[in-house]
Amino acid sequence: MNDSKNMILAIVLSALVLIGWSFISERYFPTANEPSTKIVDGKQVALPKPQADPAADAPARVRDRREVIAETPRIPIQTPRLQGSINLRGARIDDLVLTTHRESLTRGSPPIRLLSPGGAADAYFASFGWTGQGLALPGPDTVWTASGTRLAPGSPVTLSWNNGQGQRFHIKLAVDDGYMFTAEQKVSNTGAGAVAVRPYSLVSRSAASPDPDSWTMHVGPVGVFNEAANYDWGYDDIGTEADQSFASKGGWLGFSDKYWLTAIIPDQGSNVEGAFRKGARGGFQADFTTPPAIVAPGTASGYQSRLFAGAKEVGLLERYQDQLGIAKFDKAIDWGWFEWFMKPIFSLLRWLFATLGNFGVAIIALTFIVRALMFPIAQKQFKSMAGMRVVQPKMKALQERYKDDKPKLQQEMLKLYQEEKVNPLAGCLPILLQIPIFYALYKVLLLSVEMRHQPFVGWIRDLSAPDPLTPVNLFGYLPFTPPAFLAIGILPILLGITMWLQFRLNPAPMDPIQKQVFGLMPWVLMFVMAPFAAGLQLYWVTNNILTIAQQKWLYSRHPGLKEPVPAG
């Protein structure tokens, strides 16, 4: 099989990997959704709902965030990665920024704001509370009393409220050096009779994520229920009358953005009833409740849950999964069906980055490793090419002899391959092996926050974004921004040139149509690859350069490969 067929096969298989498999998996292998109802005593009843509404306190007018924060009593939050405050009115964590991640690469760019209070733009908060009957319960307007002046690692804060009927409520909040909050809810009963309460946790946001949801990246409601990850529900699936509800033992649920996650995590040994809901006036909520606890006079009942609010850093997610026993917490990142291959590629890249100190250099090192592993296979590819070129005159003769008898032609060609000991498919193997590596790197650059805003050299300040420098506007000297399909950066141009040189080193195809296709393909791919991440372009350019070097070396050992073999 010649190079043109190899390339065509590679393109077809790439399309199958990138498009076909996702379609098939979503159509025929969906993740099962839990029902929004349950069976009790043979009857179908709705799952209970916490006494909270994602838009219950939505004001008629959205105000400045600083104004909203300033008018409520608060306790500051200070950690190496987080900064914000706890709203003592409603016991909400509703003011949180990620101090180690910035909105852009612009100097002075503010940190990423994850949570905002109700009444402000993009309201997004977490809350803890109780449902029950026959007793006064704390609500959104309850003002709690704090035991300390700030929440920090090693410095927890306990919020307290007395309902005046003999029940006292406590929420002890702690935070670590990452993005994990721990909430210990406790009800003490000094009244004359027993009370029944159900602790709940919720995350509420006033609008859907600004990040787009696509087949390559899930954004929206996410969770692990009964040990199974669920990426099937989108914001459009959450209705006012049809909440997406489920029952689970342990697990977790919340809302995922491209790089950020806010998730509530029940005690992993407890049974919970969870749901994703939409408010009557808009907004979305994820919540869970526990089974009722009967608190007798003179006793207390407690429940511990957690809140993750931060960046989906793989190392932290894995640490929480292992140390805290959170079921499949690493599934907060939707790696897809090829996770088994992508995570090792990511781990290798992360190690190379930690060792070399530059993510672009790490990508180049990864390319060298891949090429080194594939070197023996490439040798066999060139040997196969040489063998196929030797038998080309005989193949031409067979084609002339049996041009009117296709079955006989196929039979004779197969016999010729066996006699000459050549395999027409051998040359495809290196290209086939490159496809999953290329796709894995694409997903890693798309999903992992560790790669976000990572520079390489010079003008390439973010390898997860397209190459920003283009000759179309004279590298920024002309005062206009070209449309995306014309914004061809330096790396895509190098990609086209190196691929053209690579094709020039290959023996010229004998078919004139194939020759034209090969002449156009490098420049077509230059346009196709321009919108992709610069890190992906860097990998391809480096791979092309190494392929050219290997071809030069192999041609020095097999000079006959350079010149076409005459037919007949």
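One-based numbering along the sequence shown.
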Task: Residues which pass salt bridge (charged side-chain N to carboxylate O under 4.0 Å, His left out) with D462, listed by chain and number, not counting sequence neighbours - done: none
Open item on the list: Is the shortest side-chain heavy-atom distance between F359 and L352 below 4.5 Å?
Closed with: no
- [ ] Please assess Y320 against D176 for the test side-chain contact (heavy atoms from CB on, under 4.5 Å), listing each intermediate value before the final yes or no.
- [x] CA-CA 11 Å; Y320 292 138; D176 67 1; 2.7 Å; yes
Open item on the list: Check whether R113 reaches the backbone of L115 with its side chain - one donor and one acceptor, N or O, closer than 3.5 Å.
Closed with: yes
Task: Intermediate values then yes/no, ring pair (Phe, Tyr, Trp, His ring centres under 6.0 Å), F225 and W233 - done: CA-CA 13 Å; F225 326 131; W233 295 331; 5.8 Å; yes
Task: Heavy-atom side-chain contact between F181 and L151 under 4.5 Å - done: yes
Open item on the list: Let me confirm one number: the CD-CZ distance from Q285 to R205, rounded to the nearest 0.5 Å.
Closed with: 13.0 Å
Open item on the list: Could you check whether any side-chain N or O of R102 sits under 3.5 Å from a backbone N or O of S104, counting only pairs where one atom can act as donor and the other as acceptor?
Closed with: no
TODO: Using the side chain to side chain donor-acceptor pair (under 3.5 Å) rule, take R89 and T72 through it: C-alpha gap first, then chi angles, then the decisive distance, then the call.
DONE: CA-CA 7 Å; R89 180 176 294 165; T72 51; over 6 Å; no
- [ ] May I ask you to decide if A247's main-chain N or O and N226's side chain share a donor-acceptor pair within less than 3.5 Å?
- [x] yes
Open item on the list: If you define the side chain from C-beta out and look only at heavy atoms, does anything of I264 sit under 4.5 Å from L253?
Closed with: yes
Task: Flag, side chain of Q537 to backbone of F532, donor-acceptor distance under 3.5 Å - done: yes
Open item on the list: Give me the atom names and distance for the closest heavy-atom approach of E313 to H101.
Closed with: OE2-NE2, 3.2 Å
Open item on the list: Which residues pass the salt bridge (charged side-chain N to carboxylate O under 4.0 Å, His left out) test with D322, not counting sequence neighbours?
Closed with: none
Task: Centroid separation F346 to W335 less than 6.0 Å - done: yes
TODO: Measure across D467 and L491 and return the closest heavy-atom pair with its distance rounded to 0.1 Å.
DONE: OD2-N, 2.8 Å
- [ ] State, yes or no, whether a side-chain contact exists between V203 and L307 at a heavy-atom distance under 4.5 Å.
- [x] yes
Open item on the list: Using a 3.5 Å distance criterion without hydrogens, assess whether the side chain of K312 forms a donor-acceptor pair with backbone atoms of D257.
Closed with: yes
Open item on the list: Are I333 and V449 packed together at the side-chain level, in the sense that at least one heavy-atom pair is separated by less than 4.5 angstrom?
Closed with: no
Task: Sidechain-backbone polar pair: Y179 side chain, L98 backbone, donor-acceptor under 3.5 Å - done: no
Open item on the list: Quick check: do H453 and S109 have side-chain heavy atoms less than 4.5 Å from each other?
Closed with: no
TODO: Only one of F255, Y235, F284, W260 passes side-chain contact (heavy atoms from CB on, under 4.5 Å) with S209; say which it is.
DONE: Y235
Task: Heavy-atom pair of closest approach, residues V444 and M342 - done: CG2-O, 4.1 Å
Task: D94, I69, I93 screened by side-chain contact (heavy atoms from CB on, under 4.5 Å) with N87, the one that passes - done: D94
- [ ] Would you confirm whether Q268, through its side chain, and G250, through its main-chain N or O, come within 3.5 Å as a donor-acceptor pair?
- [x] no
Open item on the list: Atom CD of residue position Q83 - does it have more than 12 heavy atoms of other residues, nucleotides or ligands inside 6.0 Å?
Closed with: no
- [ ] Please report the shortest heavy-atom distance between T79 and P153, naming the atom on each side.
- [x] CG2-CD, 3.9 Å
Open item on the list: How close do S127 and G90 get, counting heavy atoms only, and between which atoms?
Closed with: OG-O, 3.6 Å
Task: Evaluation steps, side-chain contact (heavy atoms from CB on, under 4.5 Å), between L349 and L441 - done: CA-CA 9 Å; L349 264 176; L441 186 60; 3.4 Å; yes
Task: Working for side-chain contact (heavy atoms from CB on, under 4.5 Å), residues K343 and D330 - done: CA-CA 11 Å; K343 289 192 74 173; D330 62 342; 3.0 Å; yes
Task: Atom pair CD1/CG of I112 and L96 - distance to nearest 0.5 Å - done: 12.0 Å
Open item on the list: Please determine whether the number of non-hydrogen atoms from other residues, nucleotides or ligands lying under 6.0 Å from atom CD of Q133 exceeds 12.
Closed with: no
Open item on the list: Can you pull out every salt bridge (Lys or Arg N to Asp or Glu O under 4.0 Å) where at least one residue sits in residues 131-150? Sequence neighbours excluded, please.
Closed with: none
Open item on the list: Taking NZ in K172 as the centre, count heavy atoms belonging to other residues, nucleotides or ligands within less than 6.0 Å. Is the count above 12?
Closed with: no
TODO: Check the pair D287, R198 against salt bridge (charged side-chain N to carboxylate O under 4.0 Å, His left out), reporting the backbone distance first and the verdict last.
DONE: CA-CA 13 Å; D287 59 61; R198 301 182 68 177; over 6 Å; no
Task: Working for side-chain contact (heavy atoms from CB on, under 4.5 Å), residues M180 and L324 - done: CA-CA 10 Å; M180 189 67 74; L324 302 181; 4.2 Å; yes
Task: Within 6.0 Å of CG in D64, more than 12 heavy atoms from elsewhere - done: yes
Open item on the list: To check you understand the geometry: which heavy-atom pair defines the closest contact between M217 and P212, and what is its length?
Closed with: CE-O, 3.3 Å
TODO: Output the distance between atom OG1 (T289) and atom CG (L202), rounded to the nearest 0.5 Å.
DONE: 11.0 Å
Open item on the list: To the nearest 0.5 Å, what is the distance between OG on S270 and OH on Y303?
Closed with: 2.5 Å
Task: Side-chain heavy-atom pair S155, Q78 within 4.5 angstrom cut-off - done: no
Task: R461 (side chain) donor-acceptor with P455 (main chain) under 3.5 angstrom - done: no
- [ ] Please check if the side chain of T99 supplies one atom and the backbone of R81 the other of a donor-acceptor pair under 3.5 Å.
- [x] yes
Open item on the list: Distance alone, cut at 3.5 Å: any donor-acceptor contact between the side chains of S201 and S305?
Closed with: yes
Open item on the list: Let me confirm one number: the CG-OG1 distance from D267 to T290, rounded to the nearest 0.5 Å.
Closed with: 10.0 Å
Task: Separation of I171 CD1 from K186 NZ (nearest 0.5 Å) - done: 13.5 Å
TODO: Ignoring hydrogens and angles, tell me if any N or O in the side chain of N162 forms a donor-acceptor pair with the backbone of R168 under 3.5 Å.
DONE: no
TODO: Answer whether the closest heavy-atom distance between the side chains of F353 and Q454 falls below 4.5 Å.
DONE: yes
